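Down below is the structure, laid out as structure tokens.
We use all heavy atoms of the structure for the numbers below, so side chains are in, but hydrogens, waters and symmetry mates are not. In this chain, residues are counted from 1 in sequence order. Everything numeric in this text was worked out from a predicted model, so none of it was measured.
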Amino acid sequence: MVFWRKREARSVAEIVARTINEAESSVAEAPKAALRVLERLGGEAYPLVTFGGPLHERFAAVVARAIGGDHPFPGSKRIQWSGEEGCITVADVLDRARSQSEPVLYLFEPLTARGGAVAELRALAELAADDSVLMAVVGEMNTFLRRDALLSLEGSLDTSSEEVIQEIEDAARRARFRTISL
């Protein structure tokens, strides 16, 4: 299927819905092929399939079937990296983690590249499947953090550091938590 070249008069939402239908129809027999189809959704499609998007639930259900996740994706609190006053510090991240009840904190810049929304869900699946994973980084800086594990490291973190990902990764290693990059 030529995805973005022959748009005709269809809206992006219609194209995305058709792409999800295509992946859904093949996920049982060819899960890797279904994921490849879904990974094509980037650019204008990303807001429709990422967290909070109108097609996210359907998209997430197909991704879950394709990756064979036994666990549902854990709930997450989204916090955008940009929009903060000045540079965000480790202290800011810890404050956000303490003030939420969701098991995962997601620090993000909107991904528009192909595969972004699939990679986000893969990261959540990794956190759900393995308690030793504290942090999953998608791309350069979109970061999923297991809330309770992060808070357990609070005393070993330099809270004034603006190198948030590196500081958390170093503390995680010392505490024998794993970090992954997707």
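- For the pair E102 and K77, the tightest heavy-atom approach, listed with the atom from each and the gap, is CB-N, 3.9 Å.
- Counting only distance, with no hydrogens or angles, the side chain of T50 and the backbone of P47 share no donor-acceptor pair below 3.5 Å.
- Under the 4.5 Å side-chain heavy-atom criterion for ILVMFWY residues, a single connected hydrophobic cluster contains both I67 and I20.
- Counting heavy atoms from C-beta on, the side chains of R98 and E154 come closer than 4.5 Å.
- The shortest non-hydrogen separation linking A34 to S26 is CB-OG, 3.8 Å.
- Rounding to the nearest 0.5 angstrom, the gap separating the CZ atom in R176 from the OG atom in S132 is 12.0 Å.
- No side-chain heavy atom of E169 sits less than 4.5 Å from a side-chain heavy atom of E163.
- Inter-residue side-chain proximity for L94 and L151 is flagged as met; some heavy-atom pair is nearer than 4.5 Å.
- In terms of heavy-atom proximity, R147 sits nearest to A97 at NE-O, 2.7 Å.
- To the nearest 0.5 Å, atom CD1 of residue I180 and atom CD of residue E126 are 4.0 Å apart.
- Residues L124 and V104 have side chains in contact (heavy-atom distance under 4.5 Å, counting atoms from C-beta outward).
- Contact annotation: the side chain of L145 approaches that of T143 to within less than 4.5 Å [non-hydrogen atoms, C-beta and beyond].
- In this structure, H56 and F59 have tilted ring planes: the angle between them lies in the 30° to 60° band.
- Side-chain contact between R146 and M135 is absent, with no heavy atoms from C-beta onward closer than 4.5 Å.
- When side chains are defined from C-beta on, E140 does not count as touching E109, because their heavy atoms never get closer than 4.5 Å.
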Open item on the list: Applying side chain to side chain contact (heavy atoms under 4.5 Å, CB included) to L38 and V63, what does each step give before you reach the verdict?
Closed with: CA-CA 8 Å; L38 294 175; V63 171; 3.7 Å; yes
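- In this structure, the side chain of S99 engages the main chain of D95 through a donor-acceptor pair within 3.5 Å.
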Open item on the list: Set out, in order, the CA-CA distance, both residues' side-chain angles and the distance that settles side chain to side chain contact (heavy atoms under 4.5 Å, CB included) for W81 and I88, then state yes or no.
Closed with: CA-CA 7 Å; W81 282 107; I88 190 169; 3.1 Å; yes
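- Rounding to the nearest 0.5 angstrom, the gap separating the CD atom in E167 from the CG atom in L153 is 10.0 Å.
- Taking CD1 from I165 and OG1 from T179, the interatomic distance works out to 10.5 Å, rounded to the nearest 0.5 Å.
- No donor-acceptor pair under 3.5 Å is formed between the side chain of Q80 and the backbone N or O of F108.
- E14 contributes a side-chain N or O that, together with a main-chain N or O of S11, makes up a donor-acceptor pair within less than 3.5 Å.
- Counting all heavy atoms, side chain and backbone alike, A17 lies closest to L55 at N-CD1, 4.1 Å.
- Between A119 and L182, the shortest heavy-atom contact is O-CD1, 3.7 Å.
- Across L35 and A66, no two heavy atoms sit closer than the pair CG-CB, 3.6 Å.
- In this structure, I168 CD1 and L157 CG are separated by 6.0 Å, a value rounded to the nearest 0.5 Å.
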Open item on the list: Does E120 form a salt bridge (Lys or Arg N to Asp or Glu O under 4.0 Å) with R78? I'd like the steps, not just the answer.
Closed with: CA-CA 12 Å; E120 290 172 336; R78 293 172 32 121; 5.4 Å; no
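- Considering only heavy atoms from C-beta on, V16 comes within 4.5 Å of V49 through its side chain.
- In this structure, S76 OG and F144 CZ are separated by 6.0 Å, a value rounded to the nearest 0.5 Å.
- More than 12 heavy atoms of other shown residues, nucleotides or ligands fall within 6.0 angstrom of atom CZ in R174.
- Residues V138 and V133 are members of one and the same hydrophobic cluster, defined by side-chain heavy-atom contacts under 4.5 angstrom among Ile, Leu, Val, Met, Phe, Trp and Tyr.
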